[in-house]
Structures are given as C-alpha cells and as structure tokens.
Amino acid sequence: MKEIHSVEDLNSRIKRVLVTEEEIKEAVKKAGQEIDKIYDGRPILLVSILKGSFVFMADICRQVTVPCEIGFMCAKSYYDGTTSPGVVKITMDLDCDISGYHVVIVEDIIDTGRTLKDILRILGARNPISLHVVTLLDKPSRRLVEIEADMALFTVPDHFVIGYGLDCGEYYRNLPYIAEYSED
Ligand code: IMP
Ligand code: MG
C-alpha cells in the first residue's frame, strides 16, 4: 500500500461503492432473523473475529432476539504460500470456555478461507454444542481451501474491498458502506 499523505489521498482510493449502507442494514436485519429462526430460543455465543468484524458484530448482535452472549478473538495468519492449516496465531483468545455453547463465528470476509479453516479447527476442538459461521462478505473466486459459511450476506468480486470494518493499512474501517479500493 502506497503511503497516505492527505484526506484527498485517502478518498481518491475509494473507487466505487459495492454495497450501500441501506443494503447492509437490510441484509443484517434479515441475517438476525435467520439466526433467531435457526436457534429458536436457544442461547448462543456470537464470536467476533477481530478486527475486521467489529462493525458487523455490533450491528448483527442487535438484530437477534435469542439469548445471546458475545465474545471476541483476534487471529493473525502467517502463510508462506502453502495451503496447510496451523499457521493462524490467536493473538487474543476468548475469555470463556465454549463447551456447552451454540457458537456462531462472525467474520468480515472469507477470501482464501485459510484463516477461517484454522479458526474452525481450533474452536471445534473445544467441544461447542454446535459451530456455525456467518460472514458479511464472501469472495469465492479467491478460495484456496474448501470452506463455506453457513450464511454469507454478500458475494463480492475479486477486488480488494474496504469499509464497514474492513481496512487497508488500518484505514477505512469507519466507512459506513463497502467499497472497492484501488491506488490507480
Ligand atoms: P483469508 O484469506 O480467507 O484467510 O482472509 C483472511 C483475512 O484477510 C480476512 O478475515 C480479512 O480480515 C482479510 N481480507 C481478505 N480479503 C480482504 C479484502 O478484500 N479487504 C480487506 N480485508 C481482507
Ligand atoms: Mg478477518
């Protein structure tokens, strides 16, 4: 990423809006209703994978009405061109034992799928009652490992995307919509 020197620099790289604020709002509301239907009154634990999913988490947790706890974990991937699992480092872990919980992982985007695959393996080993994934965005054209979310709100093309929690060089997370990022 080229260094950003001004607000003009920052804004000029927002190429086009892919998903508007209104579209996100509507889809998040629907996803909340879907979660309510699936768990049908049973308590759940929503687990946000930081940092990218913090905005999505804040909105979706307010759309579910089943008893709901929230948790956060931070994962960093260290890959060297391989597709083998085991290179995701948990830099901040959940503060509770998830056995006995219906766990719903809240992700920002599934790109190659490697991060999520490792997270599923790590959390699956902790014996939750069930483990599901809801992702805001899905970029299936980039997938390197076989993995699918149980619920994906939007499919995006093979572009780098920013906004609504997703960053480029830590900027743009605060945009209320999802846009394509480009330096040219
Ligand atoms: P993975 O390739 O599926 O392992 O994606 C790992 C993480 O990279 C995602 O959870 C995002 O935080 C980040 N990421 C992947 N694609 C994008 C993008 O287009 N914009 C911003 N972040 C992305
Ligand atoms: Mg992420």
Side-chain angles (χ1 to χ4, degrees), residues 1-4 9-21 23-24 27-28 31 46-61 70-94 103-125 131-184:
M1 182 196 184
K2 273 192 237 155
E3 212 179 313
I4 284 177
D9 259 6
L10 196 76
N11 292 337
S12 70
R13 297 177 194 193
I14 304 172
K15 284 305 154 191
R16 67 191 168 108
V17 176
L18 295 173
V19 190
T20 66
E21 198 174 348
E23 288 169 330
I24 296 172
V28 171
L46 292 175
V47 174
S48 161
I49 310 301
L50 294 172
K51 299 178 190 172
S53 74
F54 82 106
V55 180
F56 181 35
M57 174 65 148
D59 283 346
I60 199 160
C61 74
I70 61 168
F72 297 93
M73 68 192 288
C74 198
K76 285 225 158 29
S77 336
Y78 298 94
Y79 285 101
D80 52 3
T82 70
T83 54
S84 56
V87 263
V88 157
K89 198 172 161 210
I90 306 298
T91 54
M92 188 189 88
D93 207 344
L94 290 166
V103 173
V104 181
I105 297 175
V106 177
E107 251 294 24
D108 54 353
I109 186 167
I110 309 178
D111 188 36
T112 65
R114 293 183 295 200
T115 308
L116 184 61
K117 188 157 191 173
D118 273 359
I119 288 172
L120 280 170
R121 181 177 52 78
I122 292 163
L123 293 187
L131 186 55
H132 289 105
V133 178
V134 54
T135 186
L136 173 71
L137 304 176
D138 190 9
K139 218 194 265 180
S141 56
R142 293 252 312 160
R143 206 72 96 247
L144 290 176
V145 296
E146 218 171 294
I147 201 145
E148 238 183 275
D150 299 283
M151 212 185 291
L153 277 56
F154 301 99
T155 300
V156 288
D158 186 9
H159 296 304
F160 198 80
V161 296
I162 49 171
Y164 197 73
L166 289 100
D167 75 308
C168 186
E170 294 300 325
Y171 289 116
Y172 305 106
R173 294 193 194 276
N174 57 326
L175 291 179
Y177 50 84
I178 292 151
E180 180 187 335
Y181 173 90
S182 171
E183 291 176 12
D184 20 82

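Note that the structure is a prediction, hence the values are computed from the model and not measured. Atoms within a ligand are numbered from 1 in the order they appear, just like the ligands themselves.
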Would you mind listing which atoms of ligand 1 come within a distance below 4.0 Å of any non-hydrogen atom of [X]?
X	answer
T112	1 (P), 2 (O), 3 (O), 4 (O)
L166	20 (N), 21 (C), 22 (N)
F160	17 (C), 18 (C), 19 (O), 20 (N), 21 (C), 22 (N)

Check this for me, if you would: do D184 and K2 make a salt bridge, where the nitrogen-to-carboxylate-oxygen distance has to be below 4.0 angstrom?
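So D184 does not pair with K2 through a salt bridge.
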
To which of D118, I119, I109 does the heavy atom nearest atom 23 (C) of ligand 1 belong?
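Among D118, I119, I109, the closest heavy atom to atom 23 (C) of ligand 1 comes from I109.
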
Heavy-atom contact check, 4.0 Å cutoff: does K51 meet ligand 1?
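No heavy atom of K51 comes that close to ligand 1.
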
Is there a heavy atom in D167 that sits closer than 4.0 Å to ligand 1?
yes

Counting both backbone and side chain atoms, is some N or O of G113 under 3.5 Å from an N or O of ligand 1?
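It does: an N or O of G113 is found under 3.5 Å from an N or O of ligand 1.
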
Any N/O pair V161/ligand 1 closer than 3.5 Å
yes

Among H159, K15, R13, which one satisfies side chain to side chain donor-acceptor pair (under 3.5 Å) with Y181?
R13

Name all residues meeting the side chain to side chain donor-acceptor pair (under 3.5 Å) criterion together with E148; count only those two or more places apart in sequence or in a different chain, and write none if there are none.
none

Please identify which of these residues, D108, V28, I24, meets the side chain to side chain contact (heavy atoms under 4.5 Å, CB included) condition with F56.
V28

Side chain to side chain contact (heavy atoms under 4.5 Å, CB included) partners for K89, two or more places apart
Y78

Between L18 and L137, is a side-chain contact (heavy atoms from CB on, under 4.5 Å) present by the stated rule, with each step listed?
CA-CA 11 Å; L18 295 173; L137 304 176; over 6 Å; no

Heavy-atom count check: over 12 atoms from other residues, nucleotides or ligands less than 6.0 Å from E170 CD?
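Yes.
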
Under 4.0 Å from ligand 1, counting heavy atoms only, is it the side chain of K139, its backbone, both or neither?
side chain

